[in-house]
Amino acid sequence: MNKPIFKYETASSFIDKEAFLPYKEKSVEALKLLEAGTGKGNDFLGWLNLPEEYGAEEFKRVIAASERIRENSEALVVIGIGGSYLGARAAIEFLQGNMHNIKKSNNPKIFFAGNSISSDYHYELLEILEDMDFSINVISKSGTTTEPAIAFRLFKDLLYKKYGAEEAKKRIFVTTDKEKGALLNLAKEEGYERFTIADDIGGRFSVLTSVGLLPIAVSGANLLDLYEGAVAAMNDLRVKDFDKNFALQYAAVRNYFYDNGKAIEILVNYEPSLMYFAEWYKQLFAESHGKEGKGIFPASLNFSSDLHSLGQFVQDGTRNMFETVITIKNPNNNITINEDKENVDGLNFLAGKTMDFVNTKAFLGTFLAHTDGKTPNLIIEIEKRDEFNLGYLFYFFEITCAIDGYMLDVNPFDQPGVEEYKKNMFALLGKPGYEDMKEALEKRL
């Protein structure tokens, strides 16, 4: 199988070769630190060797559970927030496309809940599920995170009303802490099937564990191919030769651009099926690097759609950004443009050509325009949208993120800032234990 390719030579005009040399060396040292397990956050390195070390028994249980869900359910509701759902959603849309819930298929529909506190969204989903056989996969380390906990109450109640207690219990799958937590206790009491969130793998690095694997398997994906891609990436991206390791190259270039005033990275795609992969990337890099007043701000754009809006800013706005473009060499499906007798739209010069041919030329034209506009472009090219390439991409971005974090001298595996909004929200809601904060906060509003 052809593996993804990373190209930074496309931005060579923005890189001073001599000034770049220390970044090459620094990236290799960061990888050595990562593998030695002596850097910041070293108790969260379980993902590093995961593709080869993931438990066979847990893998088999994931596949068995997915098969039961596929047999008895028209839909699976995945309840989680952040890393508890983004990886799975990214994978499902990457592999199955944006229309996976409405196109004709033998695969169950996959819905996501508990990633917002929107009353309208959850009401509409509850309405849809009234007439469908469904199961739930709730993913939470503690079981008390506000957004998924509320959603679990709602959809659990519907399951119990719809099927009765005994049948409902067979349709609830819990992914949570191995030893403690409210959700674990409930799962034990009710007899829900349980999967483990590893103590040494943070949520945003957990897509290749049962956190992501169960929903991905229910969608019809081949988990063995997904892992084959991740293993290939692990073998390729652990070598200490800068010229042969795309992760070292990507991390070094990101740090070089950051030190030279490029504070925003835009992950660009030309396929809507990559939109949620970009959302996963944004959480991965934002939570890992955005601390101590440091870090590149990760953003994303969907071309060619956004070329007709935000493209103006990328072309002519503030020169503090660079683009990393994911391109797909071979689409899963292609359409040939027909000839029109009247040629009202003036597009007969495209007759006989494929839409992918046009899409590729749009990418190349944009690459040239943005480069001329002083926005550097990095390119990640993948052969096609399949499990192997996805597994490779997941590991590629994870290890790059870790190397890059050590180059920034931050802990890429914690997220202390995430807790700040929760404290304020709990106080304003009147949660016990936060009474002393409530009055002071309300005076500020």
Side-chain angles (χ1 to χ4, degrees), residues 1 4 51 54 56 58-80 83-113 115 125 128-129 131-139 155 170-175 193 195 206-233 269 271-280 328 330-334 382-395:
M1 293 185 181
Y54 189 63
E58 183 94 341
F59 198 86
K60 289 177 184 177
R61 288 205 310 117
V62 166
I63 293 175
S66 73
E67 289 173 350
R68 292 201 303 277
I69 294 168
R70 288 173 60 82
E71 287 171 3
N72 70 9
S73 298
E74 299 168 87
L76 173 68
V77 181
V78 181
I79 299 173
S84 295
Y85 95 101
L86 278 172
R89 187 160 190 176
I92 291 165
E93 297 216 357
F94 180 98
L95 297 170
Q96 309 295 343
N98 306 88
M99 312 294 180
H100 64 92
N101 275 347
I102 58 176
K103 67 183 180 183
K104 291 181 180 179
S105 171
N106 293 325
N107 297 323
K109 302 180 189 304
I110 312 289
F111 297 106
F112 295 89
N115 50 73
L125 182 51
I128 290 171
L129 294 170
D131 300 320
M132 298 179 73
D133 285 320
F134 73 99
S135 295
I136 292 173
N137 177 206
V138 55
I139 306 163
F155 293 97
K170 298 175 185 176
R171 291 175 173 269
I172 296 175
F173 299 83
V174 170
T175 309
E193 181 161 0
F195 297 94
S206 67
V207 62
L208 295 174
T209 72
S210 55
V211 170
L213 293 181
L214 180 57
I216 294 170
V218 172
S219 76
N222 186 318
L223 297 189
L224 293 176
D225 287 350
L226 184 73
Y227 255 69
E228 184 182 349
V231 169
N269 70 77
E271 288 290 345
S273 57
L274 289 173
M275 287 173 61
Y276 264 90
F277 187 88
E279 295 301 306
W280 173 81
I328 300 173
N330 297 307
N332 289 0
N333 306 284
N334 218 333
I382 62 175
E383 183 72 16
K384 59 182 178 179
R385 285 168 42 218
D386 64 6
E387 289 90 341
F388 177 88
N389 279 281
L390 179 61
Y392 199 105
L393 281 180
F394 275 140
Y395 193 87

Working to the nearest 0.5 Å, report the span between [atom1] of [X] and [atom2] of [Y].
X: Ile328; Y: Glu383; atom1: CD1; atom2: CD; value: 11.0 Å
X: Glu228; Y: Leu223; atom1: CD; atom2: CG; value: 13.0 Å
X: Ile136; Y: Arg171; atom1: CD1; atom2: CZ; value: 10.5 Å
X: Ile69; Y: Phe173; atom1: CD1; atom2: CZ; value: 4.0 Å
X: Asn222; Y: Leu390; atom1: CG; atom2: CG; value: 12.0 Å
X: Leu213; Y: Ile63; atom1: CG; atom2: CD1; value: 8.5 Å

Identify the heavy atoms of [X] and [Y] that sit nearest to each other, and give their distance.
X: Ser66; Y: Leu214; value: N-CD1, 3.8 Å
X: Ser206; Y: Val211; value: OG-CG1, 3.4 Å
X: Glu387; Y: Ala221; value: OE2-CA, 3.5 Å
X: Ser84; Y: Ile139; value: O-CD1, 3.1 Å
X: Val77; Y: Ala113; value: CG1-CB, 4.0 Å
X: Ser210; Y: Pro215; value: O-CD, 4.3 Å

According to ring pair (Phe, Tyr, Trp, His ring centres under 6.0 Å), who are the partners of Phe394, at least two apart in sequence or on a separate chain?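 So Phe394 forms a ring pair (Phe, Tyr, Trp, His ring centres under 6.0 Å) with Phe277, Trp280.
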Taking CG in Asn333 as the centre, count heavy atoms belonging to other residues, nucleotides or ligands within less than 6.0 Å. Is the count above 12?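 Atom CG in Asn333 is not crowded, with 12 or fewer foreign heavy atoms closer than 6.0 Å.
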Quick check: are there more than 12 heavy atoms from other residues, nucleotides or ligands sitting under 6.0 Å from NZ of Lys60?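 Incorrect, the count does not exceed 12.
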Walk me through whether Phe155 and Leu125 qualify under side-chain contact (heavy atoms from CB on, under 4.5 Å). CA-CA 9 Å; Phe155 293 97; Leu125 182 51; 3.7 Å; yes
Under the side-chain contact (heavy atoms from CB on, under 4.5 Å) criterion, do Leu393 and Ile382 qualify, and how do the steps go? CA-CA 9 Å; Leu393 281 180; Ile382 62 175; 4.0 Å; yes
Backbone N/O of Met132 and side chain of Glu74: donor-acceptor pair under 3.5 Å: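 No, because the side chain of Glu74 does not come within donor-acceptor range (under 3.5 Å) of the backbone of Met132.
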Indicate yes or no for a side-chain donor-acceptor contact from Asp133 to the backbone of Asn72 under 3.5 Å, with no hydrogens or angles considered.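 Answer holds: no.
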Do the rings of Phe112 and Tyr85 sit parallel, tilted or perpendicular, given the 30° and 60° boundaries?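 The arrangement is tilted - the two ring planes meet at 30° to 60°.
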Donor-acceptor pairs are to be reported for all side-chain atoms of residues 92-102 against protein atoms at under 3.5 Å, with residues two or more places apart or in another chain.
{"unit_1": "Glu93", "atom_1": "OE1", "unit_2": "Asn98", "atom_2": "ND2", "d": "3.2"}
{"unit_1": "Gln96", "atom_1": "NE2", "unit_2": "Ser219", "atom_2": "O", "d": "3.2"}
{"unit_1": "Asn98", "atom_1": "OD1", "unit_2": "Ser273", "atom_2": "N", "d": "3.2"}
{"unit_1": "Asn98", "atom_1": "ND2", "unit_2": "Pro272", "atom_2": "O", "d": "3.1"}
{"unit_1": "Asn101", "atom_1": "OD1", "unit_2": "Ile110", "atom_2": "N", "d": "2.8"}
{"unit_1": "Asn101", "atom_1": "ND2", "unit_2": "Ile110", "atom_2": "O", "d": "2.9"}

How about Phe59 and Tyr227: are their ring centroids closer than 6.0 Å?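 That pair passes the under 6.0 Å test.
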Does the distance from a Lys or Arg side-chain N to an Asp or Glu carboxylate O, for Glu58 and Arg61, drop under 4.0 Å?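 Looking at Glu58 and Arg61, the cut-off is met.
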